Amino acid sequence: MNDRKLLVTAALPYANGHIHIGHLVEYIQTDIWVRFQKLRGKKCVFVCADDTHGTAIMIRARQEGRPETELIADMQAAHERDFKGFDVSFDHYGSTNSSENRELCNGIWAELRTAGLIAERDVEQLFDPVAGTFLADRFVKGTCPNCKSPDQYGDNCSKCGATYSPSELIDPVSTLSGAKPVTKSASHLFVELEQLHEFLDTWTQSGKHLQPEVANYLKGHFLCDPLRDWDVSRPSPYFGFEIPDSVGNFWYVWFDAPIGYIASTWQWCKANGEKLEDWWKSSSTEIHHFIGKDIAYFHTLFWPGVLKTAGYSLPEFVHIHGFLTVEGEKMSKSTGTQVQAHTYLKHLDPSFLRYFYASKLGAKLDDIDLNFTEFVNKVNSDLVGKVANLASRTARFIEATGLSVEYPHDGGLFAAGAAAGERIAQAYDQLDYSRATRLIMELADQANAYVENSAPWALKKDPTQQVRLQEVCTIVLNLFRQICVYLTPVLPKLSVQCGQLLQAPITHWDDSQTPVVNQAISKFEHLLQRIAPEKIQAMIEESKEVVPSPAAEVPSAAAPTSELPIDSGDALIQEPMAPTCTIDDFTKVDLRVARIIKAEEVPEAKKLVKLTVSLGGDNTRTVFAGIKAAYTLEQLQGRLVVIVANLQPRQMKFGLSEGMVTAAGPGGTEVFLLGVDSGAVPGQRVH
RNA sequence: GGCGAUGUAGCUCAGUCGGUUAGAGCAACGGCUUCAUAAGCCGUGGGUCGUUGGUUCGAGUCCAAUCAUCGCUACCA
């Protein structure tokens, strides 16, 4: 079994955004596992690539006025820089936009055809005549055909929950150009996954390839019903690979993305004189995918189905991890908790995040939380106070003499540490890094206690104890080195530094089993700097996206300052301009100033607040607004707002809503009610 | 509301097959030490294992119900 090779992949980052600390959970988790396997002497190859295709890339490139290839090249360079900065050490980092990937897609496609899994049928889709492109569901808005709610996306209604195709929308509008889309029929290609149902049932439920929670989830959500056909083609124009036997059609990005794993391996093979078959079509190679829980479906149903059909090896295991929360909440740009990799690197040592994640990660797919207080405490206490301190408090004593010629008696400490190695290795192998780090810290505690009891600083002052001093330091530095060996997968830099200090590089896990003796040592230099809490603060500040607070908005409107803030164009890109409307269209909408006379909690609702607004006199309305997370009841009580007064009342779960309160912002805590300058009174119309 | 999970010390978590008095780290408190980056060592306090019921000689662990929290989703007119 030991000659088995490992091929490891992490999910392919999409070329539409930068790497942030949430992504890094996965890359660090995977990198630790790979480094561990290599340190144990396993043949292990770690490949990844940028995921480059799809409508989003095409649109973005257009907005930036440059070719897609330029956009994806820039983004890939940024991704690789970020990964390097965090010591994520891919053996090869490719791109899904490669000739290898195209060739593999062709081959796999042919196999799917031969197996009779591909069906073709027409799909009515909306086409934007101005932008000259078919519109993905998210690029179309219109009125729900079921409940007549306006401003709904193309696939389902967020109001009544109806699902439909974009072509059924009433008065559809392209969010790209604002043009009225036309319905065009296009031929789409589907993979009939249901034909593989039995195989997928067996594979996912075998208990060997997936975490039990995942197998359970698939069984309850997908495998209990017939599997739906998968639409894997998109009509031109589309940024991707054209399907060879279906001119004008391109593979959907999710078809060619996982094939990118194989393509990247192939590129690695070419560069290293290896054969792809040995890695993807051989029982002597175990394939391990590491992914987040959001893309479980693709990797556990569609992907095994494709591999099986095309004659490639199936993954030995798909390791699925949870998400990162920061301070107990989802990452957010406005609070600065969605820290980008390059921002982190400006302020903090990547080793710290690697260690912190390791100390929190288990094999389950629970989310992990980054609490900054805990982060600072843990890193400073464990890495600096315990581990680095071992070298720091002994190395200088024996800079002149070096290590003892023979390893002295240490009361069995080194042997106990060596014996712990198998338990630590097992924890790493099972992805239980929190256990591994806990076990390692026990060793550090014992080593520090040994320093305390041996009191080298006292020995130093006694000229008759110089040999003993050298022995004690030899022991402590070897315990330190043993710990560094065990931490090598997590902290490769510390491992190298330790190798330099003792002039004995750490190259194998078994370096933990034998002490280094009779050896000069290098001059001691600090290995790690403690985290100053101010650095965290600075990092968060830099990560905050400028979002004007409601409080700041009012004075700036009343008293314009001489310095205008620089506003990014992100909001407009996020939600493109609606098509031109006439003044008649506008006057159909009756906007009125209203006063919130009562704001009530709706206990069962997560987002809704029940408002009673007055338009003056006896004229009051009940309005439900999705602003619970952004405002307290006290803040709402009494204030003036602008409402859409002639909106058709809507029956909601908690009552009838007779209007809409206007607000800007993406939602959640970022909702900003429109206010009016003083002087306006309820009932006045907005012109 | 649907689906998935999770509730163990102030915080983050471990707790194997049901078995003695439920553990660790961090934080807190007291003492010691001064080699070390305000690091280290020893000690102390702190838990009705969410709640209720059940199975059992015995339940943190198994079963049922219930409550709470988190994620996705629905409800943002």
Side-chain angles (χ1 to χ4, degrees), chain A residues 147-151 156-161 213-214 216-217 220-221 293-294 296 322-323 325 328-330 356 359-360 362 364-371 373-397 432 434-435 437-439 441-442 444-445 447-461 469 472-473 476 524 526-532 602 604-609 621-630 643-644 647-654 656-663 665-668 671:
Chain A
C147 71
K148 314 294 186 235
S149 302
D151 207 30
N156 66 74
C157 176
S158 64
K159 304 305 174 284
C160 67
E213 305 97 297
V214 179
N216 204 11
Y217 165 78
H221 280 79
K293 61 186 183 184
D294 50 333
F323 295 145
T325 57
E329 293 183 2
K330 277 206 288 184
F356 185 77
S359 77
K360 304 286 281 186
K364 295 192 194 154
L365 38 62
D366 299 339
D367 292 349
I368 65 168
D369 186 52
L370 170 56
N371 173 288
T373 311
E374 189 191 356
F375 174 69
V376 172
N377 279 336
K378 189 151 216 129
V379 166
N380 285 348
S381 168
D382 286 4
L383 292 186
V384 183
K386 289 180 184 174
V387 176
N389 199 23
L390 287 171
S392 184
R393 60 196 310 203
T394 53
R396 288 197 186 98
F397 291 142
D432 195 351
S434 65
R435 184 175 157 80
T437 53
R438 227 179 305 126
L439 290 168
M441 283 312 130
E442 279 179 24
D445 285 339
N448 273 302
Y450 177 81
V451 176
E452 191 69 20
N453 294 329
S454 310
W457 56 92
L459 298 175
K460 187 187 170 216
K461 290 170 188 159
L469 175 64
V472 167
C473 293
V476 174
F524 178 76
H526 278 175
L527 303 166
L528 296 161
Q529 299 303 316
R530 298 173 61 78
I531 305 178
V602 185
E604 313 88 75
K606 272 189 190 170
K607 298 183 182 174
L608 291 176
V609 172
R621 306 267 184 105
T622 302
V623 176
F624 288 89
I627 56 176
K628 190 171 188 170
I643 67 164
V644 182
L647 196 61
Q648 185 181 354
R650 164 118 177 99
Q651 186 61 47
M652 299 189 65
K653 188 172 165 187
F654 310 108
L656 191 68
S657 187
E658 305 165 306
M660 178 166 94
V661 177
T662 56
V671 175

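Only a predicted model underlies this, so the values are computations on that prediction, with no experimental measurement involved. Computed from heavy atoms alone, side chains included, the values below leave out hydrogens, waters and symmetry copies. In what follows, chains are A, B, ... by sequence order, proteins preceding strands, each numbered from 1.
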Check whether any side-chain N or O of A/Asn380 sits under 3.5 Å from a backbone N or O of A/Ile531 as a donor-acceptor pair, and report yes or no.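 Between the backbone of A/Ile531 and the side chain of A/Asn380 there is a qualifying donor-acceptor contact (under 3.5 Å).
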
To the side chain of [X], which of [options] is closest?
X: A/His526; options: B/C13, B/G71, B/U37; answer: B/U37
X: A/Trp457; options: B/G71, B/C13, B/C35; answer: B/C35
X: A/Phe624; options: B/A77, B/U34, B/A36; answer: B/A77
X: A/Asn448; options: B/U37, B/G40, B/C35; answer: B/G40
X: A/Val384; options: B/U12, B/U34, B/U37; answer: B/U37

Under 4.0 Å between any heavy atoms, over every strand shown, what does A/Leu528 touch: base, sugar-phosphate, or nothing? Just pick one.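 It contacts base atoms.
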
Would you mind classifying the nucleic acid contact of A/Lys360 as base, sugar-phosphate or nothing, using non-hydrogen atoms under 4.0 angstrom?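 The answer is sugar-phosphate, as A/Lys360 gets under 4.0 Å only of primed atoms, P, OP1 or OP2.
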
Are any of A/Arg530's side-chain N or O atoms less than 4.0 Å away from OP1 or OP2 of B/A39?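 For A/Arg530, the contact criterion (side-chain N or O under 4.0 Å from OP1 or OP2 of B/A39) is met.
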
What is the separation between atom [atom1] on [X] and atom [atom2] on [N], rounded to the nearest whole Å?
X: A/Glu452; N: B/G40; atom1: CD; atom2: P; answer: 10 Å
X: A/Arg393; N: B/C41; atom1: CZ; atom2: P; answer: 7 Å
X: A/Phe356; N: B/C11; atom1: CZ; atom2: C1'; answer: 11 Å
X: A/Asn453; N: B/A36; atom1: CG; atom2: P; answer: 19 Å
X: A/Leu370; N: B/C11; atom1: CG; atom2: P; answer: 18 Å
X: A/Lys460; N: B/A36; atom1: NZ; atom2: P; answer: 8 Å
X: A/Lys293; N: B/C3; atom1: NZ; atom2: P; answer: 17 Å
X: A/Ile368; N: B/C70; atom1: CD1; atom2: C1'; answer: 15 Å

Can you check the distance between [N] and [M], where both ends of the measurement are the [atom1] atom (answer in whole Å)?
N: B/G50; M: B/A59; atom1: C1'; value: 16 Å
N: B/C49; M: B/U8; atom1: C1'; value: 4 Å
N: B/U66; M: B/G1; atom1: P; value: 11 Å
N: B/U20; M: B/U61; atom1: P; value: 14 Å
N: B/U44; M: B/U6; atom1: P; value: 35 Å
N: B/G7; M: B/C11; atom1: P; value: 14 Å
N: B/U51; M: B/A22; atom1: P; value: 16 Å
N: B/G40; M: B/C35; atom1: P; value: 16 Å

For [X] against [Y], the heavy-atom pair lying closest together:
X: A/Lys386; Y: A/Asp445; answer: CE-OD1, 3.0 Å
X: A/Pro456; Y: A/Leu469; answer: O-CD1, 3.3 Å
X: A/Ser434; Y: A/Ser359; answer: CB-O, 3.1 Å
X: A/Asp369; Y: A/Phe356; answer: O-CE2, 3.7 Å

Tell which nucleotide pairs with [N], taking only Watson-Crick or G-U wobble pairs whose two distances are both under 3.5 angstrom.
N: B/C76; answer: none
N: B/U56; answer: none
N: B/U34; answer: none
N: B/U44; answer: B/A28
N: B/U69; answer: B/A5
N: B/U21; answer: none

Nearest-0.5 Å distance that lies between atom CG in A/Leu383 and atom CE in A/Met441: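 One finds 5.5 Å between CG of A/Leu383 and CE of A/Met441.
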
A/Glu452: side-chain contact (heavy atoms from CB on, under 4.5 Å) partners, not counting sequence neighbours: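 So A/Glu452 forms a side-chain contact (heavy atoms from CB on, under 4.5 Å) with A/Arg393, A/Trp457.
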
RNA chain B: A/Asn371 or A/Thr394, which has the more 5' nearest nucleotide?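 The answer here is A/Asn371.
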
Residue closer to the 5' end of RNA chain B, A/Arg435 versus A/Gly385 (nearest nucleotide):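 Its nearest nucleotide being more 5', the pick is A/Arg435.
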
Please walk me through it: do A/Lys360 and A/Leu370 pass side-chain contact (heavy atoms from CB on, under 4.5 Å)? CA-CA 9 Å; A/Lys360 304 286 281 186; A/Leu370 170 56; over 6 Å; no

Is the closest side-chain heavy-atom distance between A/Val387 and A/Asp382 below 4.5 Å?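 They are not in contact (no side-chain heavy atoms under 4.5 Å apart), so the answer is no.
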
Just the table, please: protein N/O against nucleotides 22-25 of chain B N/O, every pair under 3.5 Å.
{"residue": "B/G25", "atom": "O3'", "partner": "A/Lys386", "partner atom": "NZ", "Å": "3.3"}

Take A/Val472 and A/Thr394 through the test side-chain contact (heavy atoms from CB on, under 4.5 Å) and record every step on the way to the result. CA-CA 8 Å; A/Val472 167; A/Thr394 53; 5.6 Å; no

